[in-house]
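Following: one structure in structure tokens, then a few remarks.
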Amino acid sequence: MKILFVASECVPFIKTGGLADVVGALSKVLASQGHDVRVMIPKYTSIPEKYSNNMSHLVDFEVELGWRKQYCGIEELRQDGVIYYFVDNRYYFGRNYTYGMGGDEYERFAFFSRGVLNSLPLIGFKPDILHAHDWQAGMVPALLNIQYAHLPNYSGIKTVMTIHNLQYQGVFGIKDVQDVLGLGDSLFTDDKLECYGAANYLKAGIVYADEVTTVSPSYAEEIQTAYYGERLDGLLRAKRNRLSGVLNGIDVEAYDPANDKYIAAKYSSDDLSGKAICKRALQTQLNLDVRPEVPIIGMVGRLSNQKGLDLVDYVIGDIMREDVQLVCLGMGDSRYVNLFSWAEQNYPGRVAARFVMDNPLAHQIYAGSDLFLMPSQFEPCGLSQMMAMRYGTIPVVRETGGLRDTVLSYNEYTGEGNGFSFFNYNAHDMLHTIQRALHYYWNKKDVWSLLQQRGMTADYSWKVSAEKYLDIYNMLLNEDKQEAEKADSAEEKKSPEKPVKSAAPAKKAAAPAKKAETQAEKPATKTEEAKAEPAKKPATKAATAKKTTVTAKTTATKAAPAKNTTTKTTAAKTTAAKAAPTKVSTAASTTKKAATSVTKTEAPVEKPAAKSEESKAAPAKKPTTRTAAAKKTTAAAAPAKKTTATAAKKPAAKKPAAKSEKADS
């Protein structure tokens, strides 16, 4: 399967959050399973030189953004079985920040989206699945559907849009987006690209993607509610049949205490002695009091309201009344930078804060801490709690999103659980949960060791998640085949089979009819023979018998010459009309005799007709009944004359007519 990931970041090249971990890890796992996986991201100047120096230039072209034409180069780097493409333009990506700070973000990622699509034919790669991540790549599925899908190089590409954090949507002015992408007013409606008077890149991806995924099953449910839906809950409810949650995994090789190059001592679930060494090293490095018995509460992540830091702000004094140490690592809002700076000054030797992105230090905090605090207001998935558990650090989390899917609060009655959690977004609920966890740390070492074992031995790898994504990819690729099969089966059900089967006997009946015409000239010496023969053949050939009405109309047509005779019977419908081929110049007396003979042979001829009219259920009528009916005048034959032209066109009536001639002679 050919898979293309389109994202704004990817480890190990550039990282600002969990998105980079997901793209980097998932692509490698899928490639290891034999799939052709490629990743396309912008070429930022902040990408380390050890990677940028090894890139090879593939192709360059111009990208039209309204009236502007911008240079776009594609650089390639192969690593770990994955091919990485870098969209190069120094004006847009040669800045000292990744994204989120400039006033032209709509133009930067409009250029990126169009550059990705325009490059596919030039690099000779047509993916089966195009997997876009977050709002920065949201316009890729939209533009593919609107402007590219009808072209041969793009037809049949299925798209998946993954929401990593619904709070970040890429909302810009409609006129600005129209200017750079050349999209008409008809596309900026509430069911397409417009969202509350603005253009929304993430909404564009959700609307036009074939499948929408989030990074945990719980988050997929939550974002369909008004509280978590960020004003897109209505759209997501409408797409609920195309919305699913796949829990993220982590790189279990990179986050493995038995092989981690960043920590002071290596250890495993079988031997945790190295964790105490890592704890002492962390205390020393961060200028904390070196007290091995004191529990360390670690925090790693973005400093924002989403991470529940307002709860920490409210009860930080109560937390520090416990005999604990607090370590924080991350960048973010100035409010929380000031909070932890204040705490570090007021609790020297007990609080340490570092406002940087430091991956080695993050590993050291995971390994040296005893508890990991993550009281998020909402959490699409969360990777830090899984990383912490890999290092034997017990998580304390709020039950939301991926935290609810990965951390089960310890139940002292059943013994189930791998951490501690609280449900209500309340500062004192969080405080009481921290105190409960500290109770087990101080007083129940056996339970504490059990929770560490469970966390370290659980499977948080990408293998399970990758299988679920492959199921989604295969489902999309098989949809067209299934729809075609359904259409074919529906046509087969509608097509009638019985008329086709009856056509063959009808053709076969034509040959005997011709033979009967040639034999009509020979005189019939025995009327009984005439009675027997017509009765047998129509009975065996349902196709001829079913057309009795046609026969009746034909006999009426042939009854026209009989008006010159003295015979005036109802038999003009079937028998008198069949006597018409006899010469009109015959004497009147001879005609009367022929009429009498016809009356005698009428019943056998009409027998199959009666069976066909009554679905072969009614028995043949007696000759006496037919003779009585024969007393009727030729007035009944007059309407039959009107159908002469129609009946004459139907060859199926020839066979009964020939039999009648034989009977008459």
Please enumerate all residues that pass salt bridge (charged side-chain N to carboxylate O under 4.0 Å, His left out) together with E221, with sequence neighbours excluded. R404
Do E379 and S218 touch side chain to side chain, with heavy atoms closer than 4.5 Å? no
How about F5 and I41: do any of their side-chain heavy atoms sit closer than 4.5 Å? no
Would you say the side-chain atoms of S155 pair up with the backbone N or O of P152, donor to acceptor, closer than 3.5 Å? yes
Does any part of the side chain of I163, heavy atoms only, come nearer than 4.5 Å to the side chain of L236, both counted from C-beta? yes
Are any non-hydrogen side-chain atoms of P380 and L166 less than 4.5 angstrom apart? no
side-chain hydrogen bond (donor to acceptor under 3.5 Å, both in side chains) contacts in which one or both residues fall within residues 15-30, not counting sequence neighbours: E9-T16, K15-D21, T16-Y99
Output, in order, the C-alpha distance, side-chain angles, deciding distance and verdict of side-chain contact (heavy atoms from CB on, under 4.5 Å) for S8 and L19. CA-CA 8 Å; S8 59; L19 168 61; 3.7 Å; yes
Are the side chain of N478 and the backbone of N474 linked by a donor-acceptor contact shorter than 3.5 Å? yes
Of all pairs that satisfy side-chain hydrogen bond (donor to acceptor under 3.5 Å, both in side chains), the ones with a partner from residues 54-63, not counting sequence neighbours: H57-D60, H57-E75
Can you pull the side-chain hydrogen bond (donor to acceptor under 3.5 Å, both in side chains) pairs that have at least one residue in residues 252-263, sequence neighbours excluded? D256-N259, D260-H363, D260-Y391
How are the rings of Y44 and F93 set relative to one another: parallel (under 30°), tilted (30 to 60°) or perpendicular (over 60°)? perpendicular
For Y336, which residues count as a side-chain hydrogen bond (donor to acceptor under 3.5 Å, both in side chains) partner, sequence neighbours excluded? N305
With ring centroids as reference points, do F172 and Y201 lie under 6.0 angstrom apart? yes
Side-chain (R108) to main-chain (Y92) donor-acceptor, under 3.5 angstrom: yes
Tell me whether Q167 at atom CD has more than 12 heavy atoms from other residues, nucleotides or ligands lying less than 6.0 Å away. yes
Return yes if some donor-acceptor pair links the side-chain N/O of R390 with the main-chain N/O of M387 below 3.5 Å, else return no. no
How long is the gap from CG on L303 to OG on S334, to the nearest 0.5 Å? 10.5 Å
Which pair of heavy atoms, one from M456 and one from P257, lies closest together, and at what distance? CE-CG, 4.0 Å
Walk me through it: do V171 and Y196 pass the test side-chain contact (heavy atoms from CB on, under 4.5 Å)? CA-CA 10 Å; V171 179; Y196 295 95; over 6 Å; no
If we ignore angles and hydrogens, is there a donor and acceptor under 3.5 Å between the side chains of R38 and Y85? yes
M331 atom CE: more than 12 heavy-atom contacts under 6.0 Å: no
How about Y473 and H35: are their ring centres within less than 6.0 Å of each other? no
Could you pull out the closest heavy-atom pair between C72 and G115, with the gap in Å? SG-CA, 4.2 Å
For S244 against I472, the heavy-atom pair lying closest together: OG-CD1, 3.6 Å
Could you tell me whether the side chain of N248 and the main chain of L383 form a donor-acceptor pair under 3.5 Å? no
Spacing of I146 atom CD1 and L187 atom CG [to the nearest 0.5 Å]: 4.5 Å
Under 3.5 Å, is there a donor-acceptor pair linking the side chains of T162 and T213? yes
Where M299 and V312 come nearest, the two heavy atoms and their spacing: CE-CG2, 4.2 Å
Residues two or more places apart in sequence or in another chain: which of them pass salt bridge (charged side-chain N to carboxylate O under 4.0 Å, His left out) with R78? E76
With sequence neighbours excluded, tell me which residues meet salt bridge (charged side-chain N to carboxylate O under 4.0 Å, His left out) with K158. D480
Looking only at side chains, do N118 and Y148 share a donor and an acceptor under 3.5 Å apart? yes
Contact between L361 and V300 at the side-chain level, heavy atoms closer than 4.5 Å - yes or no? no
Crowded around R237 CZ? As in, over 12 foreign heavy atoms under 6.0 Å? yes
Output for pair (F378 CZ, E230 CD), nearest 0.5 Å, gives 5.5 Å
Run the side-chain hydrogen bond (donor to acceptor under 3.5 Å, both in side chains) test against H133 and tell me which residues pass, sequence neighbours left out. H164
Would you please name every residue forming a side-chain hydrogen bond (donor to acceptor under 3.5 Å, both in side chains) with Q169, sequence neighbours left out? N200
Ring pair (Phe, Tyr, Trp, His ring centres under 6.0 Å) filter on Y366, not counting sequence neighbours, yields F372
Can you check whether F340 reaches F355 side chain to side chain, under 4.5 Å on heavy atoms? yes
Backbone of E107 reached by a side-chain donor or acceptor of D104 within 3.5 Å: no
With V59 via side chain to side chain contact (heavy atoms under 4.5 Å, CB included) - residues at least two apart: F61, I74, L122, I123
Does some side-chain heavy atom of L202 sit less than 4.5 Å from a side-chain heavy atom of Y168? no
Can you list the residues that meet the side-chain hydrogen bond (donor to acceptor under 3.5 Å, both in side chains) rule with S113, with sequence neighbours excluded? none
Is the shortest side-chain N to carboxylate O distance from K175 to D179 below 4.0 Å? no
Over all heavy atoms of both residues, which pair between P127 and I157 is shortest? Give the atoms and the distance, please. O-CG1, 3.4 Å
Which residue is it: L117, L4, T159? I am looking for the one with a side chain to side chain contact (heavy atoms under 4.5 Å, CB included) to V140. L117
Shortest non-hydrogen contact from I129 toward M1: CG1-SD, 4.2 Å
How long is the straight-line distance from OH of Y460 back to CG of L247, given to the nearest 0.5 Å? 10.0 Å
Evaluate side-chain contact (heavy atoms from CB on, under 4.5 Å) for V23 paired with V11, printing each intermediate quantity in order. CA-CA 7 Å; V23 176; V11 293; over 6 Å; no
Quick check against the 3.5 Å criterion: does N418 have a side-chain atom that pairs as donor or acceptor with the backbone of V407? no
Looking at R95, is its backbone amide N or carbonyl O close enough to the side chain of T45 to form a donor-acceptor pair, meaning the two atoms are under 3.5 Å apart? yes
Within a strict 4.5 Å, meaning less than it, do heavy atoms of the Q79 and P12 side chains meet? yes
Reported CG-to-CZ distance for the pair L181 and R114, which is rounded to 0.5 angstrom: 5.5 Å
Would you check if the side chain of Q224 reaches a backbone N or O of A220 as a donor-acceptor pair within less than 3.5 Å? yes
Has the side chain of K463 got a donor or acceptor atom that lies under 3.5 Å from a matching backbone atom of G249? no
